[in-house]
Visitor: 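Next up is a structure, given as structure tokens.
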Amino acid sequence: MAGEPGPGRDDDLRLANSLRAGDVIALTEVYDTYAPFLYDYCHGLLRDRVEAAGALRNVVIAAREHIDRLTEPDRLRGWLYSIARKECMRRRDSPNRHTGQEAPEADDDLTDDQLARREERRLLAHSALAALNGRQREAIDLSVRHELDEVDLSGIFGMPLEETLALVEKSREDLATALHASLIAQNHWKDCPSVSALTESWPLSPQASASLVRHVASCPVCGERETPPLPTDRLLSVLPIAAIPAELRLDVLTAATAEDRAGNRRAIAAWTEPFDEYGWPLPYEPSPARARDRAPRRRAPIIAAVAVAIGAVVLFVGAMSWLGGGDKTNASASDPAVPGGGSSTGTGPAAPTGPTPTDTSASPSKSPSKSPSKSPSKSPTTKPPRPPDNDTPDPPSPGHLSVSGCNMGGRDSCTVRITAVGGVVNWRVTGTRGDLSAGGAGHLSAGQSTSVTVSRTNFLCLGGRRTGSVSFSPGGSASVSYC
């Protein structure tokens, strides 16, 4: 996380190769290196220390079982986050999830004056982050606090890289605008009746923060105000970090290595599937039964129903995440989790539409202020309930996709053919590789086919023929030749 020396690409490559070789000591080092960060992220999405502990355990198990799939071992850290996000989204979809026990905040050993100043800055951070949607808050949290780059975020969210770049850029711009408005509200609220009316409670709610941003943009008085610059990393550095329980280390490593739990590990590893051609897990998809439960009773076009379901997940994630809730679990959603706080500690992406760290104030959850060192300075004194490991995997989907690639030749686009095999399939495009653009979603009955248009995004074809791909959910990747 920001402010802490994180593992580099060399560490990722070394640890990934050691895991592939079956080195049990490497698994211990993976836990010691990444677990504090991953636990904080999971807690931000799930807002419960028991669920976060169970999610972290499953991440370590799935990583060991699937490490051979990862084609870019130097991106081990981002890959672990993608497994963590999918596992958290799966848990949030469960009607039996544990709730109500948020983790304590990691202790920073600050003086009373320092704590007071930090609390004031936290309220400001919450007010600014409240104006962002869940996906934006989660993207900011992952890129700033957890120091992941856009390529990692693309894999974590299951989004095309160009969309991820646009998301991060827009998120930073919107946060800067919201921070400017929040500073005006904090320091000059007496100078404008409208600002005073909007800031009756502090920190600001998402609705009040959005209204304040719109007011400042249109008010001739507030619009001329200058505010001191505050870099994003400094703004987020005050957000709380969920303290990882010291006792969790033995529980997780035992679950990941004990011979008598091999069957349970295979079931846990199955929840991470399917993967794309680079070995990154595809975004979580609700099981068909749960998807039907969520669908409106009134019959409507299939695509509209899918859109409603996606919107519901996005809103839920936002509320949970402020980075405490996380938005929609799938990558292409525009409203993921966000950092923000609803309790004493936490991080992650949750918001009125996404996950983030927790805080003692009644504001949305926030992302943690400082990243934990390889192991947090202090751990909670009370032993948390042991994460359950008797979950049962979701039932498999009734059908799968068969996809065929295409060749553009000298054209600007070509058509990929997809077919439902073995049953009905709710499909969607999850991403592209190369200078390609594609999108779409829908429903196919068994044996039914449809076409997806793939376009190239480069204006000039230099260097000869190129190859990219289009990824689909559930499972499937089509090779595309262009230029």
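For this chain, numbers begin at 1 and follow the sequence in order.
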Visitor: Looking only at heavy atoms, which two atoms of A52 and Y39 are closest? And how far apart?
Guide: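 Shortest heavy-atom contact: CB-CE1, 3.7 Å.
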Visitor: side-chain contact (heavy atoms from CB on, under 4.5 Å), that's the test. Do E169 and L165 meet it? Break it down for me.
Guide: CA-CA 6 Å; E169 181 179 4; L165 292 168; over 6 Å; no
Visitor: W271 and E87: which non-hydrogen atoms are nearest, and at how many Å?
Guide: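 Heavy atoms of W271 and E87 come nearest at CE3-OE1, 4.1 Å.
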Visitor: Could you walk me through whether L230 and L124 satisfy the side-chain contact (heavy atoms from CB on, under 4.5 Å) test, starting with their C-alpha distance in whole Å, then the side-chain angles of each, then the deciding distance to 0.1 Å, before giving a yes or no?
Guide: CA-CA 11 Å; L230 182 58; L124 175 66; 4.2 Å; yes
Visitor: Rounded to the nearest 0.5 Å, what separates atom CZ in R91 from atom CG in N96?
Guide: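 The CZ atom of R91 sits 11.5 Å away from the CG atom of N96.
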Visitor: Would you say the side-chain atoms of R57 pair up with the backbone N or O of V252, donor to acceptor, closer than 3.5 Å?
Guide: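 Answer holds: no.
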Visitor: Look at the side chain of D74 and the backbone N and O of L13, then say whether any donor-acceptor pair between them is shorter than 3.5 Å.
Guide: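 Between the backbone of L13 and the side chain of D74 there is no qualifying donor-acceptor contact (under 3.5 Å).
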Visitor: Looking only at non-hydrogen atoms, find the nearest pair between A63 and L80 and report the distance.
Guide: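 Minimum heavy-atom separation between A63 and L80: CB-CD2, 3.5 Å.
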Visitor: Which atom names give the shortest non-hydrogen contact between C222 and H180, and what distance separates them?
Guide: O-NE2, 4.4 Å
Visitor: Considering only heavy atoms from C-beta outward, does the side chain of D32 approach that of T28 to under 4.5 Å?
Guide: yes
Visitor: Taking salt bridge (charged side-chain N to carboxylate O under 4.0 Å, His left out) as the criterion, tell me which of D152, D12, D11 meets it with R75.
Guide: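 Exactly one pass, corresponding to D152.
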Visitor: Measuring only between side-chain heavy atoms, which start at C-beta, is L38 closer than 4.5 Å to I83?
Guide: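 Answer no - side chains too far apart.
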Visitor: Compute both the distance and the angle, then confirm whether R433 meets the cation-pi test with Y278: under 6.0 Å from the six-membered ring centre, within 45 degrees of the axis.
Guide: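 Yes; both conditions hold, so R433 lies above the ring face of Y278.
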Visitor: Are the side chains of W427 and V452 in touch, meaning some heavy atoms are under 4.5 Å apart?
Guide: yes
Visitor: At their closest point, which heavy atom of L212 faces which heavy atom of A181, and how far apart are they?
Guide: CD2-O, 3.3 Å
Visitor: When rounded to the nearest 0.5 angstrom, what is the spacing between CG in L282 and CZ in F275?
Guide: 8.5 Å
Visitor: Quick check for you: to the nearest 0.5 Å, what is the distance between L27 atom CG and I61 atom CD1?
Guide: 9.5 Å
Visitor: Give, for atom CZ of R117 and atom CD of Q114, the distance between the pair rounded to the nearest 0.5 Å.
Guide: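 These two atoms lie 6.0 Å from each other.
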Visitor: Could you go through the side-chain hydrogen bond (donor to acceptor under 3.5 Å, both in side chains) check for Q101 and D48 one step at a time?
Guide: CA-CA 5 Å; Q101 291 191 20; D48 183 89; over 6 Å; no
Visitor: Check whether S209 reaches the backbone of S127 with its side chain - one donor and one acceptor, N or O, closer than 3.5 Å.
Guide: yes
Visitor: Is there a donor-acceptor pair under 3.5 Å between the side chain of S143 and the backbone N or O of A139?
Guide: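 Confirmed, S143 side chain pairs with A139 backbone.
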Visitor: Name all residues meeting the side chain to side chain donor-acceptor pair (under 3.5 Å) criterion together with S473; count only those two or more places apart in sequence or in a different chain, and write none if there are none.
Guide: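 S473: side chain to side chain donor-acceptor pair (under 3.5 Å) contacts with E285.
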Visitor: Strictly below 4.0 Å, N to O, side chains only: are R456 and D435 in salt-bridge contact?
Guide: no
Visitor: Any side-chain heavy-atom pair from W280 and E72 closer than 4.5 angstrom?
Guide: yes
Visitor: If we ignore hydrogens and angles and just use 3.5 Å, is the side chain of K86 paired with the main-chain N or O of T272 as donor and acceptor?
Guide: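 Answer holds: yes.
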Visitor: Hey, are the side chains of T232 and L179 touching, using non-hydrogen atoms and a 4.5 Å cut-off?
Guide: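 A side-chain contact is absent here, since even the closest heavy-atom pair is not under 4.5 Å.
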Visitor: Verify, without hydrogens or angle tests, whether W79 (side chain) and G279 (backbone) share a donor-acceptor contact under 3.5 angstrom.
Guide: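 Checking the backbone N and O of G279 against the side chain of W79, a donor-acceptor pair under 3.5 Å is found.
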Visitor: What residues, two or more places apart in sequence or in another chain, satisfy side-chain contact (heavy atoms from CB on, under 4.5 Å) together with S218?
Guide: none
Visitor: Compare every heavy atom of G439 with every heavy atom of V429, then report the nearest pair and how far apart it is.
Guide: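 Minimum heavy-atom contact is CG2-C, 3.7 Å.
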Visitor: Could you work out, with salt bridge (Lys or Arg N to Asp or Glu O under 4.0 Å) as the rule, every residue matching R69, not counting sequence neighbours?
Guide: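 Only E273 meet the salt bridge (Lys or Arg N to Asp or Glu O under 4.0 Å) criterion with R69.
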Visitor: Under 3.5 Å, side-chain donor or acceptor atoms of residues 182-197 against the rest of the protein: list the pairs with distances, not counting sequence neighbours.
Guide:
from: S182; atom 1: OG; to: A128; atom 2: N; distance (Å): 3.4
from: S182; atom 1: OG; to: A178; atom 2: O; distance (Å): 2.9
from: N187; atom 1: ND2; to: L183; atom 2: O; distance (Å): 3.3
from: D191; atom 1: OD2; to: R225; atom 2: NH2; distance (Å): 2.6

Visitor: Just to verify, what does R64 make a salt bridge (Lys or Arg N to Asp or Glu O under 4.0 Å) with, not counting sequence neighbours?
Guide: none
Visitor: Decide salt bridge (Lys or Arg N to Asp or Glu O under 4.0 Å) for K170 and E173; before the verdict, give the C-alpha distance in whole Å, the side-chain angles of both, and the deciding distance to 0.1 Å.
Guide: CA-CA 5 Å; K170 184 67 164 58; E173 291 174 355; 5.8 Å; no
Visitor: Mind telling me whether Y41 and H146 have parallel, tilted or perpendicular rings, with 30° and 60° as the class edges?
Guide: perpendicular
Visitor: Are the side chain of T432 and the backbone of V470 linked by a donor-acceptor contact shorter than 3.5 Å?
Guide: no
Visitor: Any donor-acceptor pair under 3.5 Å linking the side-chain atoms of S437 with those of E162?
Guide: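 Absent: no donor and acceptor within the cut-off.
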Visitor: S211: which residues meet the side chain to side chain donor-acceptor pair (under 3.5 Å) condition with it, sequence neighbours left out?
Guide: R214
Visitor: Report yes if the side chains of V168 and R172 come closer than 4.5 Å at any heavy-atom pair, otherwise no.
Guide: yes
Visitor: I need the L129 CG to S171 OG distance, nearest 0.5 Å.
Guide: 10.5 Å
Visitor: Below 4.0 angstrom, N of the basic side chain to O of the carboxylate: do E51 and R97 qualify?
Guide: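 Not counted as a salt bridge, because no side-chain N and carboxylate O are separated by less than 4.0 Å.
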Visitor: Assess the residue pair L45 and M89 against the criterion (side-chain contact (heavy atoms from CB on, under 4.5 Å)); give the C-alpha distance rounded to whole Å, side-chain angles, the decisive distance to 0.1 Å, and a yes or no.
Guide: CA-CA 8 Å; L45 288 168; M89 295 303 106; 3.8 Å; yes
Visitor: Rounded to the nearest 0.5 Å, what separates atom CG in L19 from atom CD in E29?
Guide: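 If we round to the nearest 0.5 Å, L19:CG and E29:CD are 9.5 Å apart.
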Visitor: Does Y81 form a side-chain contact (heavy atoms from CB on, under 4.5 Å) with Y34? I'd like the steps, not just the answer.
Guide: CA-CA 10 Å; Y81 274 84; Y34 304 111; 6.0 Å; no
Visitor: Are the side chains of V30 and V60 in contact, using a 4.5 Å heavy-atom criterion?
Guide: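 They are not in contact (no side-chain heavy atoms under 4.5 Å apart), so the answer is no.
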Visitor: Please examine the side chains of S82 and R85, heavy atoms only from C-beta on, and report whether any two atoms are closer than 4.5 Å.
Guide: no
Visitor: Walk me through whether S471 and E277 qualify under side-chain hydrogen bond (donor to acceptor under 3.5 Å, both in side chains).
Guide: CA-CA 8 Å; S471 299; E277 68 271 30; 3.3 Å; yes
